[in-house]
Amino acid sequence: MILAHWTYSKQEWKAFLRSERKQKGFISYMFYLLFPVAAKKIPEVKITPELVCIGAKQQYFSSGRHYLAEINIREEGIINIIEITYRCSNATTEKRREIVIPVPKGKLREAFEVEERLLSDAALGQ
């Protein structure tokens, strides 16, 4: 079941990538400015109760080894971000990881509905 299926304008995707690169540090941001290849590819995003697909890349946050920890929606400059934090467990360690997804203009209400649905599903699963 797909909870959200989002596409972006070129400006939205570029703003998201710029914001992400700035947070990752100066070298990452300069690499983005010098080689903006990723900005030319505008993926679609699909969110399901178990995973997020950004283009062809899949990231699980709720499966046998992945457990949803929290979801935050925040404003970051001119874009809104939905951040899914999950725990990834294996036999020796447990790591916290994040999936950061830009919320397209006009889809903020849908993002809050996704957040509510994922949190209620996680509460039922525990």
Side-chain angles (χ1 to χ4, degrees):
M1 168 194 320
I2 296 175
L3 302 177
H5 181 194
W6 295 333
T7 56
Y8 304 86
S9 70
K10 284 185 179 187
Q11 294 81 11
E12 286 175 313
W13 195 251
K14 284 174 109 175
F16 168 67
L17 290 177
R18 194 175 314 116
S19 170
E20 285 298 295
R21 299 296 184 206
K22 280 183 180 179
Q23 287 185 354
K24 290 182 179 181
F26 179 75
I27 293 173
S28 180
Y29 183 64
M30 291 308 295
F31 187 80
Y32 163 76
L33 290 176
L34 295 172
F35 306 102
V37 175
K40 292 179 182 176
K41 299 177 185 175
I42 303 172
E44 58 184 353
V45 170
K46 294 178 185 174
I47 304 172
T48 75
E50 298 86 25
L51 63 94
V52 172
C53 298
I54 300 175
K57 183 180 174 184
Q58 295 182 346
Q59 290 183 270
Y60 282 88
F61 59 84
S62 180
S63 69
R65 292 183 15 209
H66 305 90
Y67 306 94
L68 182 65
E70 64 182 299
I71 301 174
N72 294 306
I73 298 175
R74 68 180 192 275
E75 185 179 338
E76 197 165 287
I78 62 171
I79 59 173
N80 292 306
I81 300 290
I82 185 167
E83 182 179 71
I84 300 172
T85 304
Y86 64 97
R87 296 185 318 261
C88 182
S89 299
N90 62 26
T92 58
T93 63
E94 183 174 296
K95 297 180 182 179
R96 286 178 67 91
R97 297 196 177 147
E98 296 175 346
I99 303 170
V100 179
I101 309 159
V103 178
K105 290 201 182 309
K107 299 291 185 173
L108 188 57
R109 180 176 294 195
E110 188 176 342
F112 282 113
E113 291 170 0
V114 168
E115 175 188 39
E116 185 178 309
R117 175 66 187 269
L118 292 175
L119 289 173
S120 69
D121 285 355
L124 291 173
Q126 292 178 351

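In this text, all values refer to a predicted model and were calculated from it rather than measured experimentally. Along the sequence shown, residues carry numbers from 1.
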Using modelled atom types and a 3.5 Å cut-off, is there a donor and acceptor pairing between side-chain atoms of Tyr8 and backbone atoms of Phe16? no
Would you say Ile101 and Leu51 are hydrophobically clustered, going by side-chain heavy atoms of ILVMFWY under 4.5 Å? no
When you compare the side chain of Ile73 with that of Leu108, does any pair of heavy atoms fall below 4.5 Å? yes
Would you give the length of the straight line joining atom CG of Leu118 to atom CD of Glu50, rounded to the nearest 0.5 angstrom? 9.5 Å
Using the side-chain hydrogen bond (donor to acceptor under 3.5 Å, both in side chains) criterion, which residues pair with Glu83? Sequence neighbours excluded. Arg74
Got a second to check how far Ile47's CD1 is from Met1's CE, nearest 0.5 Å? 14.0 Å
Under 3.5 Å, sequence neighbours excluded: what are the donor-acceptor pairs made by side chains of residues 53-66?
{"unit_1": "Ser63", "atom_1": "OG", "unit_2": "Arg65", "atom_2": "N", "d": "3.4"}
{"unit_1": "Ser63", "atom_1": "OG", "unit_2": "His66", "atom_2": "N", "d": "3.4"}
{"unit_1": "Ser63", "atom_1": "OG", "unit_2": "His66", "atom_2": "ND1", "d": "2.6"}

Reported NZ-to-CD1 distance for the pair Lys105 and Ile79, which is rounded to 0.5 angstrom: 9.0 Å
Say you draw a straight line from CG of Asn72 to CD of Glu115; how long is it, rounded to the nearest 0.5 Å? 7.5 Å
Give me the one residue out of Glu12, Glu44, Glu110 that meets side-chain hydrogen bond (donor to acceptor under 3.5 Å, both in side chains) with Trp6. Glu110
If hydrophobic residues (ILVMFWY) are linked whenever their side-chain heavy atoms come closer than 4.5 Å, directly or via other members, who joins Tyr67 in its cluster? none
What closest approach, in Å, do Pro49 and Asp121 show between heavy atoms, and which atom pair accounts for it? CB-OD2, 4.0 Å
Taking the side chain as every heavy atom from C-beta outward, state whether Pro104 and Thr7 have any pair of such atoms under 4.5 Å apart. no
Flag yes if more than 12 heavy atoms outside Glu70 fall under 6.0 Å of its CD atom; otherwise flag no. yes
